[in-house]
Structure formats: C-alpha cells, structure tokens
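Structure, as structure tokens:
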Amino acid sequence: KQEVTQIPAALSVPEGENLVLNCSFTDSAIYNLQWFRQDPGKGLTSLLLIQSSQREQTSGRLNASLDKSSGRSTLYIAASQPGDSATYLCAAYNNNDMRFGAGTRLTVKP
Amino acid sequence: NAGVTQTPKFRILKIGQSMTLQCAQDMNHNYMYWYRQDPGMGLKLIYYSVGAGITDKGEVPNGYNVSRSTTEDFPLRLELAAPSQTSVYFCASNGGTGVYNEQFFGPGTRLTVL
C-alpha cells in the first residue's frame with residue numbers, strides 16, 4: 001500500500017527566500033505525481049503534474065522534480081512571496097489508487 | 001466553464017440522517033472522484049468513476065454510495081450519518097485517458113454530524 005509523507009508539517013520563511021518542499025512515497029511504481037496548493041477553507045488548486053517518465057516540471061517560479069528510485073519529489077519555490085502562503089500537498093498516483101500526503105503549511109513573512 | 005461545482009457548501013446532520021452531496025462538472029471529463037479530508041490529514045479517496053454507469057471503491061468507501069448516470073454529475077450519498085463522517089468532502093475530475101491524470105477539484109462541502 002502506497003504511503004505518502006510530507007515533512008515538515010509547517011515551514012515559515014522570510015519573503016524572497018528560495019525554498020524546497022518535500023514529498024516521499026513508499027511505492028516507486030507510480031504513474032504520476034501531482035502537487036497542489038490549498039488555501040484555508042478552500043479546495044485544491046493544481047500546480048504541477050509530473051509523469052513517471054519525467055524528471056521535472058516547471059511553471060513560473062515553481063519547479064517540481066521526481067526521483068522514483070529514491071521515492072522522492074520536491075517542489076522548489078523561487079523568490080517566495082507572502083501570497084505563496086498556503087498548504088502544499090502532493091499526491092502519488094498508482095494504478096487505480098491515489099494517495100495524498102498531509103501537506104506542508106507554508107508561511108512567507110513580509 | 002464553471003469547472004467542478006459542489007453543493008451544499010456547509011451542512012449539519014443529526015446522527016442517522018441521510019443526505020446527498022452534489023457534484024457536477026462542465027468540462028466533459030470522464031473521470032470523477034470523491035475524497036474526504038479530515039483535519040491535519042491528507043485526502044482519502046472514497047469512490048471514483050471512469051465514466052457514466054461505472055463506479056469503483058476507493059480507500060474508504062464504507063458508509064457511502066455513489067452513482068453516475070450522466071457524464072456531468074457524480075452525487076455522493078450518505079445513508080445513515082455517523083459522527084465519524086464529519087469531514088470536508090471534495091469532488092474532483094480529470095479529462096485525461098487514465099484515472100491517474102491531472103485532477104481538478106471543487107470547492108468542497110463541510111459536513112458536521114452531531
């Protein structure tokens with residue numbers, strides 16, 4: 001059974017800092033891995049999806065990487081801004097099974 | 001496009017009551033999902049559907065039922081509400097060729113069972 005872990009549970013950084021969020025998974029036979037952003041009391045917004053054949057995906061200041069052999073994905077946020085404050089979740093998709101991490105709550109201080 | 005919509009936004013139920021959570025999407029997506037999110041936890045898959053008339057269980061299906069009579073709608077039914085079903089429920093859809101393609105989420109329904 002796939003297990004997805006995100007450490008740390010919470011992270012606080014000053015504005016302008018580059019940061020990395022971590023996502024670990026136990027079953028490397030994944031199809032895709034997706035990163036989401038969740039604002040308080042809101043639904044999930046898709047940020048990036050990495051297919052199993054890819055190593056990374058980029059969108060603006062975000063870069064997500066995938067290393068299946070080590071069971072790890074990272075989300076890199078460049079030049080963080082207060083508007084980036086949210087909870088970031090990752091989800092690993094195996095065949096007919098989707099498992100989410102509990103998320104990392106990010107606070108970017110002005 | 002409205003994307004994925006969910007109604008109601010909030011609901012309080014008494015133990016033993018029944019209700020249906022509505023989910024609709026206007027993107028002509030074949031794949032639809034229901035998740036629940038408990039405080040401080042990740043989402044857990046309740047049921048999913050790969051197209052009209054086809055549904056399958058996820059990780060936590062007990063206490064819930066679904067149907068998919070049209071491509072657009074995927075309602076979730078709670079028959080005998082229990083306090084353990086207090087949670088935020090999210091519906092999602094994907095327009096790809098497999099259940100594991102990029103998912104798009106609705107705003108959620110916050111359910112409290114007292």
Side-chain angles (χ1 to χ4, degrees), chain A residues 1-10 21-54 57 59 64 66 68 73 86-105, chain B residues 2-7 9-10 21 23-25 27 29-51 54-61 87-112:
Chain A
K1 180 178 107 171
Q2 176 76 275
E3 292 185 6
V4 180
T5 304
Q6 293 184 251
I7 295 174
L21 304 179
N22 298 302
C23 173
S24 299
F25 48 92
T26 56
D27 184 352
S28 62
I30 62 171
Y31 280 83
N32 297 326
L33 188 135
Q34 190 168 359
W35 282 93
F36 297 89
R37 169 188 173 132
Q38 186 175 29
D39 294 290
K42 304 290 187 183
L44 279 69
T45 300
S46 175
L47 296 174
L48 290 164
L49 178 125
I50 311 175
Q51 297 178 3
S52 62
S53 59
Q54 298 173 322
Q57 281 281 357
S59 176
L66 176 63
K68 292 202 304 178
S73 177
T87 297
Y88 291 80
L89 296 98
C90 65
Y93 299 163
N94 295 72
N95 190 24
N96 294 340
D97 188 26
M98 283 136 286
R99 300 284 170 143
F100 282 72
T104 294
R105 188 174 69 252
Chain B
V4 179
T5 58
Q6 293 183 239
T7 56
K9 285 189 171 58
F10 305 94
L21 282 67
C23 173
Q25 52 90 12
M27 298 173 283
H29 286 177
N30 283 327
Y31 298 91
M32 296 187 74
Y33 314 80
W34 274 106
Y35 294 92
R36 60 176 287 171
Q37 185 179 34
D38 298 320
M41 307 288 286
L43 280 72
K44 293 189 176 181
L45 182 65
I46 305 171
Y47 273 95
Y48 68 97
S49 170
V50 301
I54 307 171
T55 63
D56 208 347
K57 296 177 181 179
E59 184 183 358
V60 290
S87 189
V88 181
Y89 292 83
F90 289 103
C91 179
S93 72
N94 104 50
T97 56
V99 294
Y100 40 80
N101 288 120
E102 186 177 14
Q103 296 188 34
F104 299 91
F105 280 73
T109 294
R110 187 174 298 272
L111 176 68
T112 302

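In what follows, chains carry the letters A, B, and so on, assigned in the order in which the sequence lines appear, proteins first and then strands, with residues in each chain numbered from 1.
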Can you name the nearest heavy-atom pair linking [X] to [Y], along with the distance?
X: A:S46; Y: B:Q103; value: CB-O, 3.9 Å
X: A:A102; Y: B:G40; value: CB-O, 3.6 Å
X: B:N101; Y: A:Q34; value: O-OE1, 4.3 Å

For this session: Could you tell me the separation between the CG atom of B:L43 and the CZ atom of A:F36, rounded to the nearest 0.5 Å?
Result: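 These two atoms lie 8.5 Å from each other.
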
Exercise. How far does CE of B:M41 sit from CG of A:L89, to the nearest 0.5 angstrom?
Worked result: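 Going from the CE atom of B:M41 to the CG atom of A:L89 covers 12.0 Å.
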
Problem set entry | Heavy atoms from other residues, nucleotides or ligands near NZ of B:K44 exceed 12 (cutoff 6.0 Å) |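 No, the 6.0 Å shell around NZ holds no more than 12 heavy atoms from other groups.
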
Taking side chain as everything from C-beta outward and backbone as N, CA, C, O, which of these in [X] sits under 4.5 Å from a heavy atom of chain B? Side chain, backbone, both or neither.
X: A:L44; value: both
X: A:R105; value: neither
X: A:Q51; value: neither

Exercise. Looking at side-chain heavy atoms only, is the closest gap between A:M98 and B:Y35 below 4.5 Å?
Worked result: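 Result yes, sub-4.5 Å side-chain heavy-atom pair found.
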
For this session: Identify which of A:Q38, A:Q6, A:K1 forms the greatest number of heavy-atom pairs closer than 4.5 Å to chain B.
Result: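 Among A:Q38, A:Q6, A:K1, the one with the most close pairs to chain B is A:Q38.
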
Problem set entry | Heavy-atom contact with chain A under 4.5 Å, split by part of B:Q6 |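 Looking at B:Q6, nothing touches chain A.
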
